[in-house]
There are 2 protein chains.
Amino acid sequence: MVKKNAHKHRSGCPLACALDLIGDHWSLLIVRDLIFLDRHEYKDMLSSEEGISSNILSDRLKKLEAAKLVASIPHPESGRRKLYYLTARGKDLVYLLIDIARWSEKHLGDIVDIPPEKKELLTNNPDLMVELTLKDLDDWEKAHGVKT
Amino acid sequence: MVKKNAHKHRSGCPLACALDLIGDHWSLLIVRDLIFLDRHEYKDMLSSEEGISSNILSDRLKKLEAAKLVASIPHPESGRRKLYYLTARGKDLVYLLIDIARWSEKHLGDIVDIPPEKKELLTNNPDLMVELTLKDLDDWEKAHGVKT
DNA sequence: TAGAATACTTGCATTATGCAATCAGTTGAA
DNA sequence: TTCAACTGATTGCATAATGCAAGTATTCTA
């Protein structure tokens with residue numbers, strides 16, 4: 001069904017190629033859920049603050065899996081659930097996301113809402129924030145027996 | 001005409017807020033044209049490799065100007081032309097764009113096409129690449145009498 | 001002063017999105 | 001063993017965004 005522009009890319013430009021994969025309103029928010037908000041299930045992402053639609057979530061998860069940014073395993077406690085997680089390719093977006101957050105904090109400070117302790121880390125030591133975030137993901141993977 | 005979701009934002013999340021401004025298929029490519037490709041006129045952007053439509057380009061330039069990422073001045077050689085350039089807020093996206101390019105180079109290496117000398121700089125010394133890029137923009141602004 | 005160039009705008013067909021409802025497989029309690 | 005509830009989707013339909021071709025207004029050039 002959904003497979004239309006899965007593989008088309010507009011040019012060889014590295015920015016254009018990346019944007020063909022993640023340059024839409026929702027994909028990076030799903031990646032955010034997986035990286036920063038510890039949301040690994042469909043229903044968790046569905047109930048995120050921004051209110052993504054069920055069909056869009058389903059579509060984007062498929063596209064992200066097709067692009068090898070996201071993978072999934074069955075939930076250990078229940079066969080009807082799935083656990084989504086980021087591949088190495090997906091986890092590498094953490095630098096990018098933190099850059100976006102830094103830009104937002106700097107330029108959209110009056111409309112964004114960042115918890116103070118995260119704000120300080122983001123502003124003063126983004127490299128440490130990346131490191132801690134990657135460690136969290138690593139711990140999650142170890143706890144769930146994901147081999148990467 | 002075009003003003004629908006200009007100011008709505010989905011949440012206070014810094015990623016969501018940024019994506020409300022630049023999270024679409026075209027906005028960052030326009031920023032790329034202005035930052036890296038020295039395209040400052042409508043017709044230059046219109047003829048970029050990715051083939052943006054005239055109405056979409058017009059719409060995105062308006063939105064980027066409304067978001068204070070882009071500004072414009074009349075072309076000094078011709079009153080019927082305009083020169084677009086990045087505000088400080090827009091120029092600050094250079095870190096982000098270089099991060100995207102690095103990610104692309106690393107993970108989409110087989111489909112992206114980067115000139116060798118840029119590739120080396122991007123891979124080995126991205127900070128210098130940022131610095132050189134910002135200097136180019138500064139030179140352009142000085143040459144065109146833009147005060148920032 | 002005619003014609004070309006530039007920066008858009010308009011009309012219209014196609015595609016994507018949002019929302020509500022529905023579906024199918026799994027689970028757990030009765 | 002049955003059946004309601006849960007979960008990860010899919011479907012139908014209305015609305016919005018996009019793509020493409022053509023048109024318009026203004027300015028420069030010859």
Side-chain angles (χ1 to χ4, degrees), chain A residues 1-11 16 19-30 33-34 39-66 70-85, chain B residues 1-11 16 19-30 33-34 39-66 70-85:
Chain A
M1 256 107 249
V2 180
K3 54 159 179 285
K4 208 58 59 60
N5 49 2
H7 297 294
K8 94 169 168 220
H9 49 98
R10 294 170 284 186
S11 76
L19 291 175
D20 287 337
L21 297 181
I22 55 168
D24 71 274
H25 287 298
W26 294 110
S27 296
L28 283 184
L29 289 185
I30 292 173
D33 284 352
L34 291 168
R39 293 178 183 143
H40 295 271
E41 294 190 49
Y42 191 90
K43 68 177 192 312
D44 298 333
M45 303 177 191
L46 200 59
S47 63
S48 74
E49 194 184 359
E50 290 82 15
I52 189 171
S53 302
S54 160
N55 54 346
I56 304 294
L57 176 56
S58 175
D59 177 74
R60 292 305 186 279
L61 283 170
K62 264 182 208 156
K63 284 180 178 168
L64 289 172
E65 288 204 72
V70 165
S72 64
I73 52 173
H75 195 294
E77 294 174 4
S78 156
R80 71 193 165 190
R81 286 193 268 170
K82 272 187 183 180
L83 287 176
Y84 293 94
Y85 64 96
Chain B
M1 256 109 245
V2 180
K3 55 161 178 282
K4 208 58 58 62
N5 50 1
H7 296 294
K8 96 172 166 212
H9 50 99
R10 294 170 284 186
S11 75
L19 292 174
D20 287 336
L21 297 181
I22 56 169
D24 71 276
H25 287 298
W26 294 110
S27 296
L28 283 183
L29 289 184
I30 293 173
D33 284 353
L34 291 168
R39 292 178 183 144
H40 294 271
E41 294 189 48
Y42 190 89
K43 68 175 192 312
D44 299 332
M45 302 176 191
L46 200 59
S47 63
S48 73
E49 193 184 359
E50 290 83 14
I52 189 172
S53 302
S54 150
N55 53 347
I56 304 294
L57 176 56
S58 174
D59 176 75
R60 291 306 185 281
L61 283 171
K62 264 182 209 157
K63 285 181 177 166
L64 290 171
E65 289 204 68
V70 165
S72 64
I73 52 173
H75 195 295
E77 294 174 4
S78 155
R80 71 193 166 193
R81 286 193 270 170
K82 273 188 184 179
L83 287 176
Y84 294 93
Y85 63 96

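Atom set for the values below is all heavy atoms of this structure, side chains included, hydrogens, waters and symmetry mates excluded. Proteins come first, then strands; the chains are lettered A, B, ... in the order of their sequence lines, and each starts at number 1. Please read all numbers here as calculations on a predicted model, not as lab measurements.
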Between D:dA22 (C1') and B:Asn55 (CG): distance, integer Å: 12 Å
Taking the nucleotide of DNA chain C with the nearest heavy atom to each, does A:Glu77 or A:Arg60 sit closer to the 5' end? A:Arg60
Which is it for A:Arg81 and A:Glu41 under the salt bridge (charged side-chain N to carboxylate O under 4.0 Å, His left out) test, yes or no, and what are the steps along the way? CA-CA 7 Å; A:Arg81 286 193 268 170; A:Glu41 294 190 49; 3.2 Å; yes
Pairing donors with acceptors under 3.5 angstrom, does anything connect the side chains of B:Asp24 and B:Ser27? yes
Which whole-number value in Å describes the distance from A:Glu65 CD to D:dG8 C1'? 12 Å
Is the closest basic N to carboxylate O distance between B:Arg39 and B:Asp44 below 4.0 Å? no
Quick one: A:Leu57 CG to C:dC19 C1', roughly how many Å, whole number? 14 Å
Of all the nucleotides listed (D:dC20, C:dC8, D:dT11), which has the minimum atom distance to the side chain of B:Ser54? C:dC8
Which whole-number value in Å describes the distance from A:Asp59 CG to C:dG18 P? 11 Å
On a heavy-atom basis, which atom in A:Leu61 and which in A:Tyr42 lie closest, and how many Å separate them? CD1-CD1, 3.8 Å
From CD1 of A:Ile52 over to P of C:dA20, roughly how many Å is that when rounded to an integer? 15 Å
With the side chain of A:Arg80 defined as its heavy atoms from C-beta on, choose the nearest nucleotide among D:dC6, D:dT18, D:dG12. D:dC6
Value in whole Å for how far the P atom of D:dT7 lies from CE of A:Met45: 15 Å
Within the pair B:Lys43 and C:dA4, is there a side-chain N or O less than 4.0 Å away from OP1 or OP2? no
Picking from D:dG12, D:dT18, C:dT27, which would you name as closest to the side chain of B:Ile56? D:dT18
Please pick, from D:dG8, D:dG19, D:dT10, the nucleotide with the shortest atom-to-atom distance to any side-chain atom of B:Ser53. D:dG19
Length of the line joining A:Leu19:CG and D:dT18:P, which is rounded to integer Å: 14 Å
Answer yes or no: does a side-chain N or O of A:Ser58 lie under 4.0 Å from OP1 or OP2 of D:dT10? yes
Between A:Arg10 and B:Glu49, does any NZ, NE, NH1 or NH2 come within less than 4.0 Å of an OD or OE carboxylate oxygen? no
For the side chain of B:Lys82, starting at C-beta, report the closest nucleotide among C:dT6, C:dC8, D:dT18. C:dC8
For atom CG of B:Asp20 and atom C1' of C:dT17, their distance in whole Å: 15 Å
Has A:Arg81 got a side-chain N or O lying under 4.0 Å from the OP1 or OP2 atom of C:dG25? no
Under 4.0 angstrom between B:Trp26 side-chain N/O and D:dG19 OP1 or OP2: yes
